[in-house]
Amino acid sequence: MIEKYNPSVIEPKWQKIWEEKSSFKSKDNDKSEKFYQLEMFPYPSGRIHMGHVRNYTIGDAIARYKRMKGYNVLHPMGFDAFGMPAENAAITHNTHPAKWTYENIDYMIKELKRLGFAYDWERLLITCDPDYYKWEQKIFIEMFKRGMVYKKKSRVNYCPNCKTVLANEQVDDGKCWRCSGQVEEREMDEWFFKITDYADELIDDMRELEKGWPRKVLTQQINWIGKSKGAFIKFKIKGIDDYLEVFTTRPDTLFGVTFASIAPDHPKLKELIKDEDIKRRLDEFIEKQKNITNEYDKDKEGFFSGIYIINPVNNETVPLYVANFVLMEYGTGVVMAVPAHDQRDFEFANKYGLKKRIVIYKDGMPKSADDLTEAYTDEGVLINSGKFNGEDNEKAKQDIVEWLKQKNLARETYQYKLRDWNISRQRYWGAPIPIVYCEHCGVVPEKIENLPVKLPEDVQITGEGGSPLSNQKSFVETICPVCGAKAKRETDTFDTFVESSWYFLRYCSPKYDKDIFDKEAVEYWMNVDQYVGGIEHAVMHLLYARYFTKVLRDLGYLKFNEPFKRLLTQGMVIKDGAKMSKSKGNVVDPDDIIKQYGADTARLFVLFAAPPEKDLEWSEEGVEGSYRFLNRVWRLLYKNKNLISKDYDVAINSDRLKKLNYTINYTIKKVTNDLEHYHFNTAIASLMEYTNFLQSFNPKSKNEEVLFAKALRYLIVMISVFAPHIAEEMYSMTKSQGLVIDEKWPVYDESALIMKETTIAVTINGKLRDTISTGMDSDKDTVFEKAMMSNKVKKHIQGKDVKKIIFVKNRLLNIVVS
RNA sequence: GCGAGCGUGGCGGAAUUGGUAGACGCGCUAGACUUAGGAUCUAGUAUCGAAAGGUGUGGGAGUUCGACUCUCCCCGCUCGCACCA
């Protein structure tokens, strides 16, 4: 150990030793209790950024703490390696996506290793490796065979810039989530996972997650799934023997229907419209709507279709309007319009001069529909509703449906916002969908023994002319796995969210070559005890991973419902009030920080500067503060390096020793408690206080030296969770064998925390007037007596009546005076 | 608009869940050691006031002996959703 703290020397040294000793290797089926710590694996974009550093430092602190607590910890790392940036890079730099990806991965692994994270590197997963996606293809085939996958022509979001289809979730405000370009609609034949079959379960199983997941994430998922109760109601079409069905959540307002609206792309609409002029108008309307971007305040527009339908509750004939705000994808694509009680219908009715009728009434609201300034959507009592007049509207919802149900005109139903998951991507850099098209046998899955369907390597990525795979004869041309005739391969590849939907299972047995994973290993390691990642994955990734878990359970691979027991969503790293980004020029490169201060400082800072869930404002001064703290610890240990021995038995027989012993045990308790709750910032603050205390202690006797040395040793052990390299170096000079990371987490001695004296706050009418020292557990009278001896207290009581005395043992005495 | 969350010194943030507000760090001030220090150490640092003392957790009301903490109203900010019938 040298006098000056030099992270650039000691950090690589210990990283090498940990690696040589395989310190962080997790043992399958170990006897000790397991702990699966997982952080969301990165996309290999090229470099690790501060967001990663924060994410992985939080996970690392948890993993190291649990390890010292005696758990058999699984803490793996990998790369979500398929995806579009690799193809974009291939186009601009004329390289191959694989080359680009693997070079990035090599570099990022070096960066992660420089940060000293306690990963079991032998479990490294790279999703573009055929040994990984082979199993993904197997999952797909099993899902296909079970009818959990289907293909359909569908209108999809298409980004002309990226030349690919996007999932609904990947479209943000009409813009591509990656390139921010305008998204268009196109019709394509696409593969879908039937995630909607699991909608109810995805909601219901949230019960299992209520304790361990942020409420925010659960609410977002609930909103995303968007389950709502309602009914389908049949409206006869006037003049023909057919009907249109509407979906409504407000059957109680049925008597208020004055018109109906239909989606412009409703499949029945064209055949229903008789008038040629109106048909032409519809085409124009559809064309016009296509060009309107998805702005929220898009004007409501429409026109009369020439069709009338009949309201089943009162046999009224109402006009059917084609309206741009009606969605074909939700409900039935036809909406009954109740302008008095629905804001959208209200606006539409006003624009086109349509009638309004109030059917839900509450005292104080206008009597005439013409006097409404907005739709009344709250509860009330039914009026103008025939035999249901006077009924409470909540009750009427059921009664009206029941009444219509008997006439076979209605049925109760639930509708969801959640759509099936489109997994087709017309891209090269993804896992091929293992399907073969045979003239004789139709759409057939590849044989399991033929997997993986490998991505061909000799492909030129130009970025033009559709999917690169479809132009690759050697790939497309194949033989039918069923009949052996010439056939063609599917050229779509998987959405990359598929890879991240099950990687946490593969980590349990990453090299297993007989199946998707080794069931025994999964049995032992799952669930993930603590998952850490960004809030941006609240819906997509986390919902898909939950869905996959349920699918694999139903395929017989798993026995549990939910993959992640606990979830921690860490805040962003921001600088100058904005998220770090190249365009804003406020990026701090972790490599630079490591070079200047070392990994330990970087790690300590990101844990200390803010609680994990909150955004973290980057501060150069703050980083320096962390660096200074490590230097202080270093100097403290360097100064006392000869004190540390192995035998710490000492009689606590003086006030100074008692105080020191108290501080040691108090700190252990505080830090342990904080770590259990992931309050890293306060845990570090306690270690700082502890260091300050030790720094000023100056042992004066043999006994003090011995206990002081013990205190220092605990400091090293506890700090190793946050700053492992410096801890290891300091530990090594204690002349003890082994590594600090193999130390057990210290246990505090409750008896050391019992004090003879305590300080009690004396308040008068709730205001602090003095503090007094008194024996532990003193009773009310004793404390009051002592308090009355205080001049400060006397002064405030003088001339007043003591009305009441509140006493909280060892805490406070409140004297209430008139 | 709907949903969720947040609001504490100059700044990042503490407060064992109703019991001494401002831990810890940054910044700042003064001092020490120094040729020097942007190193280190010591002391101070919510605010008004010379002091005694007063005032303070976005604002207002309430519950309570006692409120950053609980309730209601208002203001401001952040995030998510966005024509889902």
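Proteins come first, then strands; the chains are lettered A, B, ... in the order of their sequence lines, and each starts at number 1.
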Counting the atoms with a prime plus P, OP1 and OP2 as sugar-phosphate, which does [X] contact under 4.0 Å by heavy atoms, base, sugar-phosphate, or nothing?
X: A/Lys767; value: sugar-phosphate
X: A/Lys670; value: nothing
X: A/Val816; value: sugar-phosphate
X: A/Val326; value: base
X: A/Ser619; value: nothing
X: A/Gln695; value: sugar-phosphate
X: A/Asp615; value: sugar-phosphate
X: A/Gly625; value: sugar-phosphate
X: A/Lys227; value: nothing
X: A/Asn681; value: sugar-phosphate
X: A/Glu617; value: nothing

query: For the atom pair CG (A/Asn640) and CD (A/Gln695), what is the distance rounded to the nearest 0.5 Å?
result: 10.0 Å
- prompt: Between atom NE2 in A/His679 and atom P in B/rG12, what is the gap in whole Å?
  reply: 19 Å
Select one nucleotide: of [options], the one nearest the side-chain heavy atoms of [X].
X: A/Phe608; options: B/rG12, B/rA85, B/rC26; result: B/rG12
X: A/Thr682; options: B/rC83, B/rC24, B/rA14; result: B/rA14
X: A/Arg628; options: B/rG13, B/rC26, B/rC83; result: B/rC26
X: A/Ser228; options: B/rG19, B/rC24, B/rA85; result: B/rA85
X: A/Asn692; options: B/rA15, B/rC24, B/rA82; result: B/rC24
X: A/Leu768; options: B/rG27, B/rU20, B/rA82; result: B/rU20
X: A/Ala761; options: B/rC41, B/rU20, B/rA85; result: B/rU20
X: A/Arg635; options: B/rU20, B/rC41, B/rU16; result: B/rC41
X: A/Asp342; options: B/rA85, B/rC26, B/rG25; result: B/rA85

Base-pairing assignment for B/rC2 (Watson-Crick or G-U wobble, both under 3.5 Å): B/rG80
- prompt: Which comes earlier along RNA chain B counting from the 5' end, the contact point of A/Lys216 or that of A/Glu689, where each point is its nearest nucleotide?
  reply: A/Glu689
- request: With RNA chain B as reference, determine whether A/Lys792 or A/Asn223 sits nearer its 5' end, using the nearest nucleotide of each.
  value: A/Asn223
- prompt: Out of A/Tyr352, A/Phe285, A/Phe259, A/Tyr321, which residue meets the ring-ring contact (aromatic ring centres under 6.0 Å, His included) rule with A/Phe303?
  reply: A/Phe285
query: Pick from A/Phe192, A/Tyr544, A/Phe497: which one makes a ring-ring contact (aromatic ring centres under 6.0 Å, His included) with A/Trp421?
result: A/Tyr544
Under 4.0 angstrom between A/Arg215 side-chain N/O and B/rG3 OP1 or OP2: no
task: Indicate whether OP1 or OP2 belonging to B/rG66 is found under 4.0 Å from a side-chain N or O atom of A/Arg769.
output: no
Stacked cation flag A/Lys417 on A/Tyr330, 6.0 angstrom / 45 deg: no
query: How about A/Leu202 and A/Lys227: do any of their side-chain heavy atoms sit closer than 4.5 Å?
result: no
task: Begin with the C-alpha distance, continue with both residues' side-chain angles, and end with the deciding distance and a verdict on ring-ring contact (aromatic ring centres under 6.0 Å, His included) for A/Phe325 and A/Phe348.
output: CA-CA 10 Å; A/Phe325 63 90; A/Phe348 194 82; 5.6 Å; yes
query: With no angle test and no hydrogens, is the base of B/rC65 tied to the side chain of A/Lys803 by a donor-acceptor pair under 3.5 Å?
result: no
